[in-house]
Amino acid sequence: AQSVTQLDSHVSVSEGTPVLLRCNYSSSYSPSLFWYVQHPNKGLQLLLKYTSAATLVKGINGFEAEFKKSETSFHLTKPSAHMSDAAEYFCVVSYGSSNTGKLIFGQGTTLQVKP
Amino acid sequence: GAVVSQHPSWVICKSGTSVKIECRSLDFQATTMFWYRQFPKQSLMLMATSNEGSKATYEQGVEKDKFLINHASLTLSTLTVTSAHPEDSSFYICSALTGGIRGKNIQYFGAGTRLSVL
């Protein structure tokens, strides 16, 4: 069975400092992993996707994530936080056959960016 | 990226009425779309998978007669909340699954519909 756990429900950083949002997954086979961002009362925007190619995945807005199979982790990072990064972030794993597209969402991490 | 339009963005209705929410893929065809429900401060819960030209597949615990899904074309899926009650108030989000040259198995999400049932 596949599952995903976001280790922090809330992360607070100062503007200009690094961001780390942690995610661990459980998968019985090679997963596809995603990070999505949701701003208040908005839909979800894809930040980046891992699908068994390069383990370091670069996404939009300066975000990147590293797939570590030995640690079953897919943490999201950004070198320098911006006020506009304040939002809800979801780590997501696909399940079922690769063609079903079904996703399992983590519980989400609220990123707060302080001036 | 691909664009998914969801309409309306906000709807208020009286208890007992039905509400229809539309989800359109604007610049690609989607044989598969998904409907999610999100409660405040919580994650997304998959309600059903909508397949063009066939019946939707509902997740366990989701009432198919309550939440009617129609996927009549490759760019449009609708969710109708029938006989809505206050407990149906929620944020509903759709997504469309890409394929072909845009890359496989990426879901692009609509902006969501906030339903308030009085």
Side-chain angles (χ1 to χ4, degrees), chain A residues 1-10 21 23 25 27 29-53 57 59-61 63 87-112, chain B residues 1-11 21 23-26 30-52 56-60 90-100 102-116:
Chain A
Q2 302 200 55
S3 65
V4 59
T5 302
Q6 290 182 243
L7 300 174
D8 308 292
S9 59
H10 188 101
L21 305 183
C23 173
Y25 69 92
S27 176
Y29 51 91
S30 296
S32 289
L33 294 160
F34 310 78
W35 275 98
Y36 282 88
V37 60
Q38 184 182 32
H39 289 90
N41 295 311
K42 300 290 185 183
L44 278 73
Q45 181 183 22
L46 179 66
L47 282 178
L48 48 81
K49 174 185 179 182
Y50 167 79
T51 54
S52 74
V57 182
I60 62 172
N61 301 335
F63 285 95
E88 190 78 12
Y89 291 79
F90 293 99
C91 182
V92 182
V93 63
S94 66
Y95 75 99
S97 78
S98 61
N99 293 324
T100 65
K102 284 191 175 182
L103 303 178
I104 295 178
F105 282 77
Q107 287 305 105
T109 299
T110 302
L111 176 64
Q112 179 187 22
Chain B
V3 179
V4 175
S5 173
Q6 193 171 335
H7 178 81
S9 58
W10 200 328
V11 57
I21 304 169
C23 181
R24 294 180 185 273
S25 55
L26 296 187
T31 55
T32 303
M33 293 184 175
F34 300 89
W35 288 96
Y36 296 85
R37 184 171 181 177
Q38 185 180 30
F39 291 101
K41 305 293 186 183
Q42 294 188 27
S43 190
L44 278 71
M45 179 191 76
L46 178 65
M47 297 175 66
T49 302
S50 171
N51 298 296
E52 187 269 336
T57 304
Y58 290 82
E59 296 300 302
Q60 191 173 6
S90 191
F91 194 54
Y92 293 87
I93 303 176
C94 73
S95 70
L97 189 65
T98 62
R102 291 186 182 275
K104 290 185 177 180
N105 301 326
I106 293 179
Q107 288 189 33
Y108 288 92
F109 287 79
T113 297
R114 183 159 302 284
L115 171 63
S116 296

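Chain letters run A, B, ... following the sequence lines, proteins first and then strands; every chain starts at 1.
Between the CD1 atom of I106(B) and the CG atom of L103(A) there is a distance of 10.5 Å, given to the nearest 0.5 Å. Once rounded to the nearest 0.5 Å, the distance linking CZ of F34(B) with NZ of K102(A) reads 7.5 Å.
Of the listed residues (L44(B), N51(B), I93(B)), the one with the most heavy-atom contacts under 4.5 Å to chain A is L44(B). Contact tally against chain B (heavy-atom pairs below 4.5 Å) for Y36(A), F105(A), F90(A): the top residue is F105(A). For the options F109(B), Y36(B), W10(B), heavy-atom pairs under 4.5 Å to chain A are most numerous at F109(B).
Under 3.5 Å, the side chains of Q38(B) and Q38(A) contain a donor-acceptor pair of N or O atoms.
The backbone N or O of G106(A) sits less than 3.5 Å from a side-chain atom of S43(B), completing a donor-acceptor pair.
Proximity to chain B (any heavy atom under 4.5 Å) is restricted, for L46(A), to the side chain, taken from C-beta onward.
Enclosure of atom NE2 in H7(B) is not indicated, since only 12 or fewer non-hydrogen atoms of other residues, nucleotides or ligands lie within 6.0 angstrom.
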